[in-house]
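Computed over heavy atoms, backbone and side chain alike; hydrogens, waters and symmetry mates excluded. We count ligands from 1, going down the list as the structure has it; atoms in each ligand are counted the same way. All residue numbers in this chain count up from 1 along the given sequence.
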Amino acid sequence: MNLRIGQGFDVHAFGDGDHVMLGGVRIPHARGVVAHSDGDVVLHAICDAILGALALGDIGRHFPPSDERWRDADSREFLRHCRALAGERGWHVVNVDATVLAERPKVGPHAQAMRERIAEDLGIDVDAVSIKATTTEKLGFTGREEGIAAMAVCLLATS
Ligand SMILES: Nc1ccn([C@@H]2O[C@H](COP(=O)(O)O)[C@@H](O)[C@H]2O)c(=O)n1
Ligand SMILES: C[C@@]1(CO)OP(=O)(O)OP(=O)(O)OC[C@H]1O
């Protein structure tokens, strides 16, 4: 069995709006995010982790922000596409581990729902999907609540 590891990181600024999308879950919030798509930093970081493991570039190469097809797009579509790219090359996702960096919204109450959606889109068990969160102790752009960030790693194995 061959193994590959990948990592991803994404940031979006907060802007007008009443919710954020995180891990495919709509979370009510006092701010929205500025993005071409739905701005789901968790799914974007996981997509980049998968693409990184495949050495296929990054999310912007596959879903260019200049392409109107991706305006307000559901990032779950991106995730399923990345899974398909892996499958076409004989790889499957073994597990995913993601961390959200934000003072707010609180992720904990939504983590299970996020895990379930990501597991469904990747065709893996919920136990293979980890969602964590941390504040940055009010430091930096996340601490000032100017934006939200997520990082992720994933492991791929040959089928
Ligand atoms: N957006 C967030 C941030 C944190 N959490 C949870 O709170 C715990 C404590 O965070 P610290 O940054 O103070 O260590 C953290 O371990 C998470 O469980 C959260 O749910 N959402
Ligand atoms: C997802 C894409 C889609 O056009 O746009 P954004 O929603 O702005 O998100 P980003 O994390 O900047 O990644 C780039 C693009 O692929």
Quick check: does [X] get an N/O under 3.5 Å from an N/O on ligand 1?
| X | answer |
| --- | --- |
| Arg104 | no |
| Val107 | yes |
| Lys106 | no |

Mark yes or no for whether [X], through its side chain, and [Y], through its backbone, hold a donor-acceptor pair below 3.5 Å.
| X | Y | answer |
| --- | --- | --- |
| Arg4 | Leu156 | no |
| Glu116 | Val126 | no |
| Asp48 | Leu51 | no |
| His44 | Ala150 | no |
| His92 | Ala157 | yes |

Go through Asp74 and Arg76 one step at a time and tell me if the salt bridge (Lys or Arg N to Asp or Glu O under 4.0 Å) criterion holds.
CA-CA 5 Å; Asp74 180 347; Arg76 294 183 69 181; 5.3 Å; no
Separation between CG of Leu3 and OG1 of Thr158, rounded to the nearest 0.5 Å
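The OG1 atom of Thr158 is 7.0 Å from CG of Leu3, to the nearest 0.5 Å.
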Arg104, CZ: over 12 other non-hydrogen atoms inside 6.0 angstrom:
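At most 12 heavy atoms, drawn from other residues, nucleotides or ligands, come within 6.0 Å of this atom.
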Count the heavy atoms of every other residue, nucleotide or ligand shown that sit under 6.0 Å from CG of Asp125, and state whether that count exceeds 12.
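Above 12, so yes.
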Among all protein heavy atoms, pick out the one at the shortest distance from [atom]; state its residue, atom name and that distance to 0.1 Å.
| atom | result |
| --- | --- |
| atom 8 (O) of ligand 2 | His36 N, 3.0 Å |
| atom 7 (O) of ligand 2 | Ser37 OG, 2.4 Å |
| atom 20 (O) of ligand 1 | Gly108 N, 2.9 Å |
| atom 2 (C) of ligand 2 | Phe63 O, 3.9 Å |

Identity of the nearest option to [atom], non-hydrogen atoms only, from [options]:
| atom | options | value |
| --- | --- | --- |
| atom 18 (O) of ligand 1 | Ala102, Ala133, Ala111, Pro105 | Ala133 |
| atom 14 (C) of ligand 2 | Ala73, Pro65, Gly8 | Pro65 |
| atom 11 (P) of ligand 1 | Thr136, Ile131, Thr135 | Thr135 |

Pick one of side chain, backbone, both or neither for how [X] approaches ligand 2, counting any non-hydrogen atom pair under 4.0 Å.
| X | value |
| --- | --- |
| Ser75 | neither |
| His12 | side chain |
| Ile59 | both |

Glu137 near ligand 1 by a heavy-atom separation under 4.0 Å:
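Flag set, Glu137 near ligand 1.
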Below 4.0 Å from ligand 1: does a non-hydrogen atom of Val100 turn up there or not?
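No, that is not the case, since the closest heavy atom of the residue is not under 4.0 Å from the ligand.
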Within ligand 2, which atoms have a heavy atom of [X] less than 4.0 Å away?
| X | result |
| --- | --- |
| Asp10 | 11 (O) |
| Pro64 | 4 (O) |
| Gly60 | 16 (O) |
| His44 | 1 (C), 7 (O), 9 (O), 10 (P), 11 (O) |

Residues Asp18 and Arg26 bridged, charged N to O under 4.0 Å
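Answer for the salt bridge query: yes.
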With a heavy-atom distance limit of 4.0 Å, tell me whether Pro109 approaches ligand 1 through its side chain, its backbone, both, or neither.
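It is neither part, as no heavy atom is under 4.0 Å.
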Shared hydrophobic cluster, Leu43 / Val153 (ILVMFWY, side-chain heavy atoms < 4.5 Å):
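Leu43 and Val153: separate clusters.
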Is there a path of hydrophobic side-chain contacts, each under 4.5 Å between heavy atoms of I/L/V/M/F/W/Y residues, joining Met21 to Ile118?
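Per the 4.5 Å side-chain linkage, Ile118 and Met21 are not co-clustered.
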What class does the angle between the rings of Phe63 and Trp70 fall in, given that below 30° is parallel, 30 to 60° is tilted and above 60° is perpendicular?
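If you compare the ring of Phe63 with that of Trp70, the planes turn out perpendicular.
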Protein heavy atoms: any of them under 4.0 Å from atom 9 (C) of ligand 1?
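No, there is no protein heavy atom closer to it than 4.0 Å.
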Atom 13 (O) of ligand 1 protein-contacted, heavy-atom criterion under 4.0 angstrom:
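Within 4.0 Å: yes, protein heavy atom nearby.
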